[in-house]
Protein chains: 2
Amino acid sequence: MLEKRDLLINFILDTVPVTRDQAKEIANSFHPIQIKKGDFLLRENNINNDYFYLEKGLMRTFLFNLKGNEITTDFFTENNIVFEVTSFFNRVNSEANIQAITDCFGYRISYDELNSLFHNKPAFRDFGRAILVKEFISSKKRNYGMINRTAEERYQNLLTSKSQILQHAPLKYIASYLGITDSTLSRLRRKI
Amino acid sequence: MLEKRDLLINFILDTVPVTRDQAKEIANSFHPIQIKKGDFLLRENNINNDYFYLEKGLMRTFLFNLKGNEITTDFFTENNIVFEVTSFFNRVNSEANIQAITDCFGYRISYDELNSLFHNKPAFRDFGRAILVKEFISSKKRNYGMINRTAEERYQNLLTSKSQILQHAPLKYIASYLGITDSTLSRLRRKI
DNA sequence: TATATTTCTTGCCTTTTGTCAAGTAATTTT
DNA sequence: AAAATTACTTGACAAAAGGCAAGAAATATA
């Protein structure tokens, strides 16, 4: 039978050049958790203390703007690391929430555990940096899309890159993520 | 007389909790360079091998979209680290250029030098991570501004956060950075 | 199953932004 | 200084997106 943690081990092996034993050691430092649909990995005004490998399910981060409207700033799909960088690394209260869109399962470590691995295990050092680099790059790509693509192109892009999200997230999450109103997204969809 | 490298030393001390001696040691691993207005720190289709502390001057990154239009994706001001994360860390050719908007001066290290410090000097480890975290956060803030602010608000925000840019960059750089056309920015300015 | 709530769509009209083109102003090159 | 290039502005019109409200559809709750 396939040990479940194998997916995390493979994720590590795909992220950074380490041996399978090193990947296993890193994976074994993580702790399994389950998050039910609608529940929160992080609530605003708390410090994010979970560096979370999402094995199964979908999540999002959202916050409220000055008008009180809910803005979805990010979607997370399976086989990715989930955390709120500002709160987690700077140890400050988060403005954002991280919520499960569907039932989720994965593995977490705390900030202290991560830091100890970062300083004591060279393999994890490279892994941690690679994750930061990867997320930073995807944030920059999103920026580029926002300044260089129309709403329709951004929607089409989401459709191909994170199609699972389109199937499970309500329209209003997707609209605010794309930077348009619900009505506009609804009309866009009809057009397609 | 003030040793010029003091600005870099202070930058390190402001970024991460290390002793002045540790900061000096890190700073001394960097090499001074000068870049004239209009010259390039990085040209597209090359690998970015400079992790660059910008002490004096202004820079930008830009690339060409599918229509052949030049898109400015980032501005850099004094007392910041300048690099193209995808190319630098993944050792792949860059799609983007990094160019001096004004005469620039600062200090650089190569990828190999950075990596050796990263693995051998715990103080630098924390510094390197803190820079990645800082840039990642600022990219996320930019995303949030793009989906949640009007063009006028984004312009006003740039005006307060990077006013030096507004004084030295031509309108077309700023317009593409804000995700609007030259005409629209020109009209926005008249309104203000 | 009935009721309530949330999600999504659509019409009407307004505002914002884009496109294209012409013209002026400023800067750079010769 | 003249010529050429680049930067910026503006007008007229078109396209994209927003605001608001009503209603239909789907989902959740009682």
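Lettering of chains follows the sequences in order, A, B, ..., and the numbering in each one begins at 1. Computed from a predicted structure; not experimentally measured. Quick note: numbers below take in every heavy atom, side chains included, and nothing from hydrogens, waters or symmetry partners.
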Name the residue closer to the 5' end of DNA chain C, choosing between Asp182(A) and Leu188(B) according to the nucleotide with the nearest heavy atom. Asp182(A)
Which part of the nucleic acid does [X] contact within heavy-atom distance under 4.0 Å: base, sugar-phosphate only, or nothing?
X	value
Thr181(A)	sugar-phosphate
Arg187(A)	base
Gly38(B)	nothing

Integer-rounded Å distance: [N] [atom2] and [X] [atom1]:
X	N	atom1	atom2	value
Lys37(B)	dT28(C)	NZ	C1'	10 Å
Gln167(A)	dA26(D)	CD	C1'	17 Å
Lys191(B)	dT10(D)	NZ	P	15 Å
Glu153(B)	dT15(C)	CD	C1'	14 Å
Asn65(B)	dG18(C)	CG	P	13 Å
His168(B)	dT6(D)	NE2	P	21 Å
Asn148(A)	dT17(C)	CG	C1'	16 Å
Arg189(B)	dT10(D)	CZ	C1'	15 Å

For Thr150(A) and Tyr173(B), take the nucleotide of DNA chain D holding the closest heavy atom to each; which residue's nucleotide lies nearer the 5' end?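 Residue closer to the 5' terminus by nearest nucleotide: Tyr173(B).
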Closest nucleotide of DNA chain D for Leu185(A) versus for Ser186(B): which of these residues is on the 5' side?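 Nearest nucleotide further toward 5': that of Ser186(B).
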Would you verify whether the NZ or CZ of [X] falls within 45 degrees of the ring axis of [Y] while also being under 6.0 Å from that six-membered ring's centre?
X	Y	value
Arg129(B)	Phe118(A)	yes
Arg60(B)	Tyr173(B)	yes
Lys140(A)	Phe136(A)	yes
Arg91(A)	Tyr111(A)	yes

Which nucleotide in the set [options] lies at the smallest distance from any side-chain heavy atom of [X]?
X	options	answer
Ser183(A)	dA21(D), dG11(D), dT9(D)	dA21(D)
Leu171(B)	dT9(D), dC8(C), dT17(C)	dT9(D)
Arg190(B)	dC8(D), dT10(D), dA17(D)	dT10(D)
Ala151(B)	dT17(C), dA17(D), dC8(D)	dT17(C)

Do the side-chain N or O atoms of Thr184(B) get closer than 4.0 angstrom to the phosphate oxygens (OP1, OP2) of dT17(C)?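 It does not, given that no N or O in the side chain of Thr184(B) lies less than 4.0 Å from OP1 or OP2 of dT17(C).
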Can you see if the side chain of Lys172(A) gets near the phosphate of dC8(C) - specifically, an N or O under 4.0 Å from OP1 or OP2? no
Mark yes when over 12 heavy atoms from residues, nucleotides or ligands other than Lys24(A) sit less than 6.0 Å from its NZ; otherwise mark no. no
